[in-house]
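To start, the structure itself, in structure tokens.
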2 protein chains.
Amino acid sequence: MEMNANYDRIKKDIEEFRKYTSTPDRGCTRFPYTKEDFDARNYIINEMKKIGLNIHIDAIGNIRARLDGKDANAPVVMTGSHLDTVFQGGIFDGIAGVVCGLEAMRIFVENNIETNNPVELVVFVGEEGCDFDSPYIGSKVMTGRLGIEDLKNIKNKDGNSVYDAAVDFGLNPEELSKDVISSTDIKAMIELHVEQSLVLDYENIPIGIVKGIAGLKRLEIELEGVANHSGATPMHLRQDPMVTAAEIICFVNNIVGQEGSTSTVGTVGRIECIPNLVNAIAGKVTFTIDIRDIDEEVIERVTKLIIKKIKEVSKFHNVKSEIHNIGSGTPMKLSNSIIKTIEQVAISKNIKTKLMNSGAGHDACMFKDVTDVGMIFVPSVNGRSHVPEEFTRYEDLQLGCEVLFETIVKLAKQ
Amino acid sequence: MEMNANYDRIKKDIEEFRKYTSTPDRGCTRFPYTKEDFDARNYIINEMKKIGLNIHIDAIGNIRARLDGKDANAPVVMTGSHLDTVFQGGIFDGIAGVVCGLEAMRIFVENNIETNNPVELVVFVGEEGCDFDSPYIGSKVMTGRLGIEDLKNIKNKDGNSVYDAAVDFGLNPEELSKDVISSTDIKAMIELHVEQSLVLDYENIPIGIVKGIAGLKRLEIELEGVANHSGATPMHLRQDPMVTAAEIICFVNNIVGQEGSTSTVGTVGRIECIPNLVNAIAGKVTFTIDIRDIDEEVIERVTKLIIKKIKEVSKFHNVKSEIHNIGSGTPMKLSNSIIKTIEQVAISKNIKTKLMNSGAGHDACMFKDVTDVGMIFVPSVNGRSHVPEEFTRYEDLQLGCEVLFETIVKLAKQ
């Protein structure tokens, strides 16, 4: 089924969503349940109406737009992503999946392609979840992972809950149980997303097929030594948490290479020093370690080695260490059958693909206990994401849309 | 000449000065030309008057209290230190030298000890120089290192100059040239000071004889990589300035041990990271390196090796580096003859001493081009200084005072 996605329409849609931002001079900022969100939703709802999709806004605000199949009772094949962004983020993260999903629906309608199963495009509410500091709001509600009480407890800095924000937005979250999807309702969930890393761009491959989502372990390390005069304190009498931290950071970087696989990553992205003066040995250094891999056993092994090293190095430098577990997540494997379906589509279209892991989670992952999940990645230029410079070439979105469309056809038509 | 310093008087003086602080609940804060400074000065002037010293307040506010010698025209033997503190500092840094100097003057007076040369106790204005961010104000003016224009240009955060502050304090800085000391006016300058490090305390030695003041080199390193998602960016595609910084910090610590002497120190005390998030590879890391030694050649050699390493490591990690020279100071050797005099005094009193370098500069060092300079260190418990916990045992101050007194006797009596 050789159908072409429309480059111009995809570009126009993406550029349309760029307008709905609270920071017009610096990237795209569109938090859920705001004026910008309202306007962006109106645009997509209008586009959905143009092609005659059956639209249902669920109790938390997810927009579900359905195209019936031959078998009205058959489980749905779903695609979708989100329209909300981080603060001063880009215009592709999430939006790419919505726009390509919309374009896929247009192809179905314009070409009168009938499927056996219904096909649904979903716009999930609050995937980034800024400013509630709580991601995947819509997809978690839809898959039964968040209930009414949870929504009342998730609050922004002003103390307003997601529940309240949804009510103010004209929704009725009390009804949310009606919209929770069960495994009998859905056949597959497939999401197209920008890669948010530089592997595809670097290797010049237009399509990534996600085989798994990395799990993670996050530690916060507090090292307490003795702040002292940088000139007056001989090296052998120091208790320097900065040197201790530096040795641990080097170890994290090295051990990931030695003990991990190509999918293992370890990052120290945050560090603070007290008193932080040029002429004083540090008294206290705090930093974070973020370890991720698709293989939970590797995460555990690397984490253990890092903790052992922290203790050794701290002891050597006569520095007190505290290790706090500040986050963890289990790795997830995506559906092998969907992976194979995407591969078949790509082979038939003679498109180069790369089987890869995702370092970040996405809305589709919330469906893992409900249905088969698949993901298609398109390249992020220079791997930039969550920044105004975020960019994906429109021809890659076009190609991604065509792969998405044909994958949906294969999943829904049989 | 076996004279005893009075333990109780020393303790009382120190504790008296503790009262004059703008932060009574947290350490001692006494900036020059403030109410606290005024009160502290009044106390010492009153004590000087009690023992009949000739008091002269110079144009910038240094308090000079003289005891005439047999030869009125002979050059003076001077001792002294400062009464100002850092923000929330201790009660010994500077004050110890003033109090021990005062007690030494009392011994002279009470025991009718006549010297050939005049002896003078000086209380220098603004050695810490907070909040003007300019140290050694009084001693620099006295030794001709700061003139009227300089004083007008050194300003605090509110834009007030040292000159203005001195005028508001009732002084007349226009007259300062009259008070500049020349080499014919002075025979020796000797300052007692707390060590501000932990060597004497650690080695249980009551008296340090300073042989030199370390020189220094200060660098600020800016490393710019590419901020990216911590989960989605494979290790081999990263340009991580945090790992780069960590490797440099480890190198600084190691090279000082390998290439330096026991007097070489290297410190990274300040670090900042952007965007500083647990889930993002750092985009930019800035940190400082402070290298000190008594041997300028060692400072140069170590600095060169560090700069070479910064370039290598940055290139390896594909990170841009900028190296800024943000400070330097030449090492200084103290007078050998005064060192020998102090040693003789200590031997005669059967006191254990350690010949050592000072990592920090002091008022006395400003006199190096004018006269012979000597310094006596007394132990700082646990090496703590510039903090409320700063402490020196009163028996060590008593012993230090006796060594100071007898050194002055030897220098002034011949």
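In what follows, chains carry the letters A, B, and so on, assigned in the order in which the sequence lines appear, proteins first and then strands, with residues in each chain numbered from 1.
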Can you measure from SG (A/Cys365) to CD1 (A/Ile213) and round to the nearest 0.5 angstrom?
3.5 Å
Tell me, do B/Ile306 and B/Ile291 make a side-chain contact under 4.5 Å, heavy atoms counted?
yes
Straight-line distance of A/Lys284 NZ to A/Ile274 CD1, nearest 0.5 Å:
6.0 Å
Can you tell me which portion of A/Ala280 sits under 4.5 Å from chain B's heavy atoms? Options are side chain, backbone, both or neither.
backbone
Taking side chain as C-beta onward, heavy atoms only, is A/His386 less than 4.5 Å from A/Asp93?
yes
Portion of A/Val285 that has a non-hydrogen atom of chain B nearer than 4.5 angstrom
neither
Looking only at A/Gly383, A/Ala214, A/Ser385, the option with the highest number of non-hydrogen pairs under 4.5 Å against chain B is A/Gly383
So how far is it from B/Met375 CE to B/Asn357 CG, rounded to the nearest 0.5 Å?
12.0 Å
Between B/Ala282, B/Gly327, B/Pro234, which residue shows the highest count of heavy-atom pairs closer than 4.5 Å to chain A?
B/Pro234
Choice from A/His236, A/Glu220, A/Arg238 maximising heavy atom contacts with chain B below 4.5 Å
A/Arg238
Do A/Asp363 and A/His82 come close enough that some side-chain heavy atom pair is under 4.5 Å?
yes
Residue-level interface, residues 246-260 of chain B with chain A, non-hydrogen cut-off under 4.5 Å
B/Ala246, B/Glu247, B/Ile249, B/Cys250, B/Asn253, B/Val256
Donor-acceptor pair, distance only, cut-off 3.5 Å: does the side chain of B/Arg292 make one with the backbone of B/Gly215?
no
Tell me the residues of residues 265-273 of chain B whose non-hydrogen atoms fall below 4.5 Å from those of chain A, in number order.
B/Val265, B/Gly266, B/Thr267, B/Val268, B/Gly269, B/Arg270, B/Ile271, B/Glu272, B/Cys273
Heavy-atom side-chain proximity of A/Phe377 to A/Glu191 below 4.5 angstrom:
no
Please classify the contact of A/Ile289 with chain B as side chain, backbone, both or neither, using a heavy-atom distance under 4.5 Å.
neither
Which bit of A/Thr264 is near chain B, if near means a heavy-atom gap under 4.5 Å: side chain, backbone, both or neither?
backbone
Quick check for you: to the nearest 0.5 Å, what is the distance between A/Ser328 atom OG and A/Glu296 atom CD?
8.5 Å
Looking only at heavy atoms, which of residues 193-202 of chain B get nearer than 4.5 Å to chain A?
B/Glu195, B/Gln196, B/Ser197, B/Leu198, B/Val199, B/Tyr202
Heavy-atom cut-off 4.5 Å, strictly under: side chain, backbone, both or neither for B/Arg218 against chain A?
side chain
Close side-chain approach of B/Gln239 and B/His317, heavy atoms under 4.5 Å:
no
Please determine whether side-chain contact (heavy atoms from CB on, under 4.5 Å) holds for the pair A/Ile221 and A/Thr286, giving the CA-CA distance in whole Å, both sets of side-chain angles, and the decisive distance to 0.1 Å.
CA-CA 6 Å; A/Ile221 318 299; A/Thr286 306; over 6 Å; no
To the nearest 0.5 Å, what is the distance between OG1 (A/Thr244) and CD (A/Glu312)?
13.0 Å
Scored by heavy-atom pairs under 4.5 Å with chain B, the best of A/Thr233, A/Val278, A/Asp290, A/Thr288 is A/Val278
With a 4.5 angstrom heavy-atom cut-off, which part of A/Asn279 approaches chain B: side chain, backbone, both or neither?
both
Part of B/Val387 within contact of chain A (heavy atom distance under 4.5 Å):
neither
Minimum heavy-atom separation for A/Leu334 to A/Gly212, with atom names?
CD1-CA, 4.1 Å
Give the member of B/Leu277, B/Ile281, B/Asp293 that has the highest number of heavy-atom pairs under 4.5 Å with chain A.
B/Leu277
Any salt bridge (Lys or Arg N to Asp or Glu O under 4.0 Å) pairs touching residues 223-235 of chain B, not counting sequence neighbours?
none
Do B/Leu219 and B/Ile326 have side chains that get closer than 4.5 Å, going by heavy atoms?
no
Just wondering, are more than 12 heavy atoms of other shown residues or ligands nearer than 6.0 Å to CG in B/Asn204?
no
Any side-chain heavy atom of A/Phe391 within less than 4.5 Å of one from A/Ser380?
no
No-hydrogen, no-angle side-chain donor-acceptor test under 3.5 Å, B/His324 and B/Glu222
yes
I want to check something: taking the side chain as every heavy atom from C-beta on, are A/Ile299 and A/Asp295 in contact at a cut-off of under 4.5 Å?
no
